[in-house]
Amino acid sequence: VVAASNELFLDCKGMSCPMPIVRLTQAMRGLAPGERLVVEATDPAFRPDLLAWGRRFGHTVVSLEMGPVIRATVIKSGATRA
Amino acid sequence: VRDDDELRRLIERVVDERVSGRLAELGARLDDVVARLNVAAPPGTRDRASILVFSGDFDHLLSAFIVAVGAVSMGVEVSMYFTFWGLAALKRKTSFAGKKIEERLLSLILPGGPDGVGTSRLNMFGLGPALFKRMMADKHVETLPGLIAVARELGVKLTACKMTMDVMGIRDDELIEGVEYGGAATYVAEAIESKITLFI
């Protein structure tokens, strides 16, 4: 996880199923509830996997930009959010 | 009238005593049930998946490990049981010393580890796996040994079937470290607690 401009960023570009979700789960462990993380991936199954992952853990996917690179912002569950 | 009043008071007192006694008893039972529930499902208990890996084919093993690693990332506790051809996934070397002639023959024929397994279709004497590996690398798909390493790193429980190891003459020291050994009962005990059970 790389911190860039006050925002935690995880680069999963080039990784294939199931590795983006593996790295995402590992990265989320280091976050406090309510903290947000931006993740980028190119895995074609990333969108459905990310949404299923969010439902499972209760993390919120606040933004999801599709394209050759999928970019999503997720908020860790368990806290009051601004 | 006075007798009636006395009788009523007596009855009420007896009923009160009995009811409070029963209530205390029920309360104690409820506490017991709650305590047991807490033991059976402590907060944070994770869902489980158990995968019985019978096949030793490249594509089958790849699927098994992708699902296993994916499940762990979804917060599921995963155990994998390896039997017959599936044991190839756990091999780190092949040794011949001290083995019977038929065991040696089998050791010679069987793959020496996950990198040497063939595909279930289009194997073409090893050309298939080579082609698959190249295509997977192009698509940045994790290799089979890579996925096995990730599974171990994430705490997937790997158990080898002792009976089939015995039959095929596979020794403990031929398998990777951290593998547990068990039999049918070990698998069933794990599988019955699992929401997901797969036979691959």
Side-chain angles (χ1 to χ4, degrees), chain A residues 1 8-61 64 66-79, chain B residues 41 43-51 53 58-80 89 114 129 131-158 194-196 198 200:
Chain A
V1 182
L8 289 160
F9 176 72
L10 178 69
D11 185 7
C12 294
K13 290 193 291 290
M15 291 182 197
S16 205
C17 172
M19 295 318 290
I21 294 297
V22 172
R23 297 300 173 225
L24 191 54
T25 300
Q26 288 177 326
M28 286 307 265
R29 282 199 203 119
L31 263 68
E35 272 194 298
R36 57 175 65 206
L37 174 84
V38 174
V39 56
E40 282 185 353
T42 48
D43 175 23
F46 188 65
R47 184 180 183 272
D49 272 6
L50 176 76
L51 297 176
W53 171 87
R55 278 198 303 276
R56 166 91 187 155
F57 289 106
H59 303 319
T60 314
V61 180
L64 186 59
M66 297 301 290
V69 174
I70 303 166
R71 187 182 162 91
T73 309
V74 290
I75 297 179
K76 181 153 174 165
S77 66
Chain B
T45 291
R46 296 203 286 158
D47 290 330
R48 287 205 221 167
S50 56
I51 306 175
V53 185
F58 175 80
D59 38 341
H60 293 173
L61 290 174
L62 196 70
S63 299
F65 277 97
I66 286 174
V67 171
V69 167
V72 177
S73 303
M74 290 291 274
V76 177
E77 207 173 288
V78 182
S79 15
M80 301 176 84
L131 206 68
F132 260 105
K133 282 173 198 171
R134 224 180 76 187
M135 289 166 80
M136 280 166 59
D138 283 350
K139 304 271 161 66
H140 307 284
V141 176
E142 194 69 55
T143 61
L144 180 57
L147 272 170
I148 296 173
V150 172
R152 296 174 77 191
E153 179 193 314
L154 295 179
V156 170
K157 198 167 128 194
L158 307 173
S194 301
K195 281 191 179 160
I196 302 171
L198 300 173
I200 297 177

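The model shown is predicted, which means the values in this text are computed figures rather than measured ones. Sequence lines set the chain letters: A, B, ... in the order given, protein chains first and strands last, and positions in each chain run from 1.
- Scanning all heavy atoms of the two residues, the minimum distance from A:Arg56 to B:Met74 falls at NE-O, 2.5 Å.
- Nearest heavy-atom pair, A:Gly14 versus B:His140, reported as atom, atom and distance to 0.1 Å: O-CB, 2.6 Å.
- Heavy atoms from other residues, nucleotides or ligands lying under 6.0 Å from CE of A:Met66 number more than 12.
- Only the side chain of B:Val150 comes within contact range of chain A, judged by heavy atoms closer than 4.5 Å.
- Listed options A:Met15, A:Arg23, A:Met19, A:Met28 were ranked by heavy-atom pairs under 4.5 angstrom with chain B; first place goes to A:Met19.
- Between A:Pro18 and B:Ile66 the shortest heavy-atom distance is CG-O, 3.8 Å.
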